[in-house]
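This structure is a prediction, so every number in the text was calculated from the model and none was measured.
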Amino acid sequence: MTAPTKPPHTGPADPDPAAESAPAGSPLHAPVIDWFDEHARDLPWRRPEAGAWGVMVSEFMLQQTPVSRVLPVYERWLARWPRPADLAAEAPGEAVRAWGRLGYPRRALRLHGAAAAITERHGGDVPSDHAALLALPGIGEYTAAAVASFAYGRRHAVLDTNVRRVFARAVTGVQYPPNATTAAERRLARALLPEDETTAARWAAASMELGALVCTAKNEACHRCPIAAQCAWRLAGKPAHDGPPRRGQTYAGTDRQVRGRLLAVLREAHGPVPQAALDRVWHEPVQRARALDGLVADGLVEPLAGGRYRLPLS
DNA sequence: GAACCGTGGGT
DNA sequence: TACCCAAGGTT
């Protein structure tokens, strides 16, 4: 039992299915949700005790970071800060340090800021309203929908990279979705959203899990796919992606790499770090200074008198 | 819309 | 080895 809510089966116990006024819905729903009931991973943020805060923390950490690397950090985070107010009471630098090597450390800062806003504006409770979630730092369209859906069972189209790929293949018949989310994709996601709120929330989690475990970017496992028989891409002979190349992100030699090295030194140090210690991480002084300035501008690093630096106390 | 923002594992 | 990719958000 890994899923947060019960499967809304229409089984023989149903009084009279023919009497339902609502349309049948997509033929994709039932197979995908049934598959999810059987194969969903037992992830800590899916357990009831995770609560909305646990769901929200997991969503921040999972933005561009794989599940396997999130798991240990998530557990320590929730043990240390079981409620938003607990995190809000800490220095932001502590969030950055606890973030460890998950990457994109601005997410840690934003999660801290979101916890503070929740404490101030929402009485310490993660809001369930999509607009209220969207107003929090670090929460965009996807995360707002995910928290509302996964934590509160609300009816929202949850359109992440997994779902976009599943829809691209199963419905549109292409190998990959466009580089950026399009209005057509949002329209499709809304059209496919089950009417019933509980079913919609399960569909959101199930379609995402299908993309993560079966309908993967590479080496898709169609033989394990519950909708393989209906998949437009597969039925078309799985044509290769033709559009513009999916832009890869260079990393070596970029400011990002320098920032990462600088912040690693500050994370591992407790207390102020002298300039000389930071100078050692990168040979090129201009780029090094630019990276450090960027970290300060982002609020990830606090400059002190005498050319010393530390993670931010405020 | 494009560019930027980390990190590590799989192939 | 080099490249691809991973539950995005902000500017």
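Applying the 4.0 Å criterion to OP1 and OP2 of B:dT7, one finds that A:Tyr251 has a side-chain N or O inside that range. Within the structure, a side-chain polar atom (N or O) of A:Gln64 is placed less than 4.0 Å from OP1 or OP2 of C:dG8.
Look at OH on A:Tyr104: it is 5 Å from C1' on B:dC5, rounded to the nearest Å. Between the C1' atom of C:dC5 and the CG atom of A:Leu213 lies a distance of 16 Å, rounded to the nearest Å. Here C:dC5 presents its C1' atom at 16 Å from CD of A:Gln63, a figure rounded to the nearest Å. In this entry the distance linking CG of A:Leu295 with C1' of B:dC4 reads 13 Å, nearest Å. Atom CZ in A:Arg107 sits about 14 Å away from atom C1' in C:dT10, given to the nearest Å. Regarding A:Arg256, its CZ atom lies at a distance of 13 Å from the C1' atom of B:dG8, rounded to whole Å. Atoms CE (A:Met56) and P (C:dG9) sit 12 Å apart, rounded to a whole Å. Regarding A:Arg46, its CZ atom lies at a distance of 12 Å from the P atom of C:dA7, rounded to whole Å.
DNA chain C is contacted by A:Asn162, A:Arg165 of residues 162-173 of chain A, taking any non-hydrogen atom closer than 4.0 Å.
Around atom CD of A:Glu197, more than 12 heavy atoms belonging to other residues, nucleotides or ligands sit under 6.0 Å away.
For the P atoms, the distance from B:dG10 to C:dA7 is 15 Å, rounded to whole Å.
Nucleic acid contact class of A:Leu263 (heavy atoms, under 4.0 Å, all strands): none. Residue contacts for A:Thr65: at a heavy-atom cut-off of 4.0 Å it reaches a base atom on one of the strands shown. Nucleic acid contact class of A:Gly140 (heavy atoms, under 4.0 Å, all strands): sugar-phosphate only. Contacts of A:Arg267 with the nucleic acid, taken as non-hydrogen atoms under 4.0 Å apart, involve only primed sugar atoms and P, OP1 or OP2. Within the nucleic acid shown, A:Ala146 has no heavy atom closer than 4.0 Å to any nucleic acid atom. Within 4.0 Å (heavy atoms only), A:Trp99 reaches no atom of the nucleic acid at all.
In terms of the side chain to side chain contact (heavy atoms under 4.5 Å, CB included) criterion, residue partners of A:Asp298 (sequence neighbours excluded) are, by chain and number, A:Arg106, A:Arg259, A:Leu300.
Judged purely by distance below 3.5 Å, without hydrogens or angles, the side chains of A:Gln63 and A:Tyr142 never pair a donor atom with an acceptor atom. Inspection of the A:Tyr104 and A:Arg256 side chains reveals an N or O donor paired with an N or O acceptor under 3.5 Å. A donor-acceptor contact under 3.5 angstrom links the side chains of A:Glu90 and A:Trp81, judged on distance only. Looking only at atom types and distance, the side chain of A:Ser149 has no donor-acceptor partner in the side chain of A:Arg155 under 3.5 Å away.
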Identify each atom pair where a protein N or O and an N or O of nucleotides 9-11 of chain B are less than 3.5 Å apart, giving names and distance.
none

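Checked for salt-bridge contact, A:Arg165 and A:Glu220 miss the test: no charged N lies under 4.0 Å from a carboxylate O. Classification of A:Arg83 and A:Asp125 as a salt-bridged pair fails, no side-chain N sitting under 4.0 Å from a carboxylate O.
The residue among A:Arg259 and A:Thr181 whose nearest nucleotide of DNA chain B is located toward the 5' end is A:Thr181. Take the nearest nucleotide of DNA chain C for A:Leu136 and for A:Ala212: the residue whose nucleotide is more 5' is A:Ala212.
A:Trp99 and A:Leu71 fall within the same hydrophobic cluster, defined by Ile, Leu, Val, Met, Phe, Trp and Tyr side-chain heavy atoms under 4.5 Å apart, directly or through other members.
Comparing atom distances between the A:Pro105 side chain and each of B:dG6, C:dA7, B:dC5 picks out B:dG6 as nearest.
The aromatic rings of A:His156 and A:His130 sit tilted, their planes meeting at an angle between 30° and 60°.
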